[in-house]
Amino acid sequence: MACSRVRPARVDEADELTQIAVRATTRDGYDDGAISRFMPALKVNLALIAAGLVFVAEDELGAARGYMALRPTGMGGLILLEGIFVDPACARSGFGTRLFATAIEHSRRMAGSVIMIFSNPHAVDFYSRLGATKIGMTPFVFSPDVQLSMFAFTIPAP
Ligand SMILES: CC(C)(COP(=O)(O)OP(=O)(O)OC[C@H]1O[C@@H](n2cnc3c(N)ncnc32)[C@H](O)[C@@H]1OP(=O)(O)O)[C@@H](O)C(=O)NCCC(=O)NCCS
């Protein structure tokens with residue numbers, strides 16, 4: 001299954017997108033208790049959808065298979081990647097890479113120069129492969145037993 005297009009998310013599909021994030025995280029081996037603790041980070045943010053900062057990756061049939069959310073930080077040029085989540089049924093099919101390409105494109109439009117990423121341990125290879133630089137580690141605010149890797153991605157000139 002390939003990604004056919006990436007488009008802005010709609011408020012009426014928020015629950016569906018949150019379920020994709022839950023499935024993607026469950027696939028990494030987290031149990032129900034961990035998923036409950038992570039929920040504030042998995043639940044798609046309606047305000048970000050309304051602001052046009054959430055994007056959906058569709059398969060060839062037009063079904064939503066992943067999403068990506070951005071948040072401007074207010075610090076010149078620094079954009080926060082709120083998350084990228086891909087339905088496990090479509091893992092390793094390029095959906096994550098397409099969503100990250102959209103993150104770069106949209107960050108540029110917001111005059112972004114660096115994308116800041118807090119990566120769960122299972123996504124470190126994904127962000128490294130995309131060219132992000134690891135700059136540190138920090139406990140996950142919603143579950144401090146999990147150490148997140150902090151990455152910075154420098155947006156190349158168009
Ligand atoms: C991380 C995630 C977004 C990757 O999405 P994806 O659509 O599977 O990624 P892609 O197919 O674009 O992968 C691109 C490359 O990244 C690397 N990669 C992706 N997932 C990987 C994994 N689980 N282990 C090792 N490398 C991985 C590979 O080099 C891959 O290229 P390849 O398949 O040709 O070897 C997805 O697995 C996911 O939703 N994970 C759970 C949620 C999460 O951790 N999100 C990120 C933190 S917010």
Side-chain angles (χ1 to χ4, degrees), residues 1 3 5-59 61-74 78-107 110 112 115-130 132 134-153:
M1 193 67 81
C3 178
R5 69 166 179 151
V6 175
R7 58 161 175 82
R10 302 184 310 267
V11 168
D12 67 2
E13 62 189 343
D15 288 346
E16 187 186 352
L17 300 181
T18 296
Q19 285 313 309
I20 289 173
V22 168
R23 286 200 295 280
T25 308
T26 303
R27 175 178 177 262
D28 284 337
Y30 294 107
D31 62 21
D32 290 348
I35 296 292
S36 296
R37 291 193 298 280
F38 299 171
M39 270 322 282
L42 302 181
K43 197 159 186 243
V44 69
N45 184 312
L46 290 175
L48 292 182
I49 295 181
L53 294 169
V54 181
F55 296 85
V56 173
E58 289 182 351
D59 66 20
L61 301 175
R65 294 298 201 158
Y67 83 84
M68 173 275 292
L70 294 171
R71 182 192 290 270
T73 64
L78 188 62
I79 308 290
L80 178 66
L81 183 75
E82 285 262 314
I84 295 184
F85 298 98
V86 173
D87 191 324
C90 297
R92 306 294 284 261
S93 305
F95 282 75
T97 300
R98 277 285 294 273
L99 285 165
F100 195 75
T102 301
I104 295 171
E105 191 188 316
H106 200 75
S107 295
M110 296 191 288
I115 300 174
M116 179 85 173
I117 301 156
F118 291 86
S119 168
N120 93 44
H122 303 275
V124 164
D125 290 345
F126 170 71
Y127 291 118
S128 298
R129 164 86 181 262
L130 290 168
K134 188 167 167 182
I135 57 172
M137 302 281 289
T138 189
F140 183 20
V141 64
F142 300 118
S143 194
D145 52 311
V146 176
Q147 288 289 319
L148 301 182
S149 293
M150 298 159 67
F151 282 89
F153 179 90

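Side-chain contact check for Met1 versus Asp87: every heavy-atom pair is 4.5 Å or farther apart. In this structure the side chain of Phe38 reaches within 4.5 angstrom of the side chain of Val146, judged on heavy atoms. Under the 4.5 Å side-chain criterion, counting only non-hydrogen atoms from C-beta, Leu70 is in contact with Met110. Taking the side chain as every heavy atom from C-beta outward, Arg71 and Asn45 approach each other to under 4.5 Å. Within the 4.5 Å cutoff, no side-chain heavy atoms of Phe126 are placed close to those of Val86. Proximity of Ile84 to Phe95: side-chain heavy atoms (C-beta onward) are nowhere separated by under 4.5 Å. In this structure, Leu81 and Tyr127 have side chains that are in contact, with non-hydrogen atoms separated by less than 4.5 Å. Contact annotation: the side chain of Phe85 never approaches that of Val22 to less than 4.5 Å [non-hydrogen atoms, C-beta and beyond].
Across every non-hydrogen atom of Cys3 and Ala57, the tightest pair is SG-CB, 3.9 Å. Nearest heavy-atom pair, Lys43 versus Tyr67, reported as atom, atom and distance to 0.1 Å: C-OH, 4.4 Å. The shortest non-hydrogen separation linking Gly66 to Ile20 is N-CD1, 3.8 Å.
For the atom pair CD of Glu105 and CZ of Phe55, the computed distance is 8.0 Å after rounding to the nearest 0.5 Å. Expressed to the nearest 0.5 Å, how far CE of Met150 lies from CE of Met137 amounts to 10.5 Å. Here CG of Leu148 is found 7.5 Å from OG of Ser119. Values are rounded to the nearest 0.5 Å. Going from atom CG of Leu42 over to atom CZ of Arg37 covers 11.5 Å, rounded to the nearest 0.5 Å. Rounding to the nearest 0.5 Å places CD1 of Ile115 at 11.5 Å from OG1 of Thr73. Here Asn120 contributes atom CG and Gln147 contributes atom CD; the two are 12.5 Å apart, rounded to the nearest 0.5 Å.
Shown here is Asp145, whose CG atom has more than 12 heavy atoms of other residues, nucleotides or ligands within 6.0 Å. More than 12 heavy atoms of other shown residues, nucleotides or ligands fall within 6.0 angstrom of atom CG in Asp31.
Evaluated for a side-chain contact (heavy atoms from CB on, under 4.5 Å) with Ser107, the options Leu78, Ile79, Leu80 yield exactly one hit, Ile79.
Between the side chain of Thr18 and the backbone N or O of Val44 there is at least one donor-acceptor pair closer than 3.5 Å. No side-chain donor-acceptor contact under 3.5 Å links Glu16 to the backbone of Glu13. Panel note: side chain Ser36, backbone Ala34; no donor-acceptor pair is recorded below 3.5 Å.
Relative ring orientation between His122 and Tyr30 is described as perpendicular, the plane-to-plane angle rising above 60° on a 0-90° scale split at 30° and 60°.
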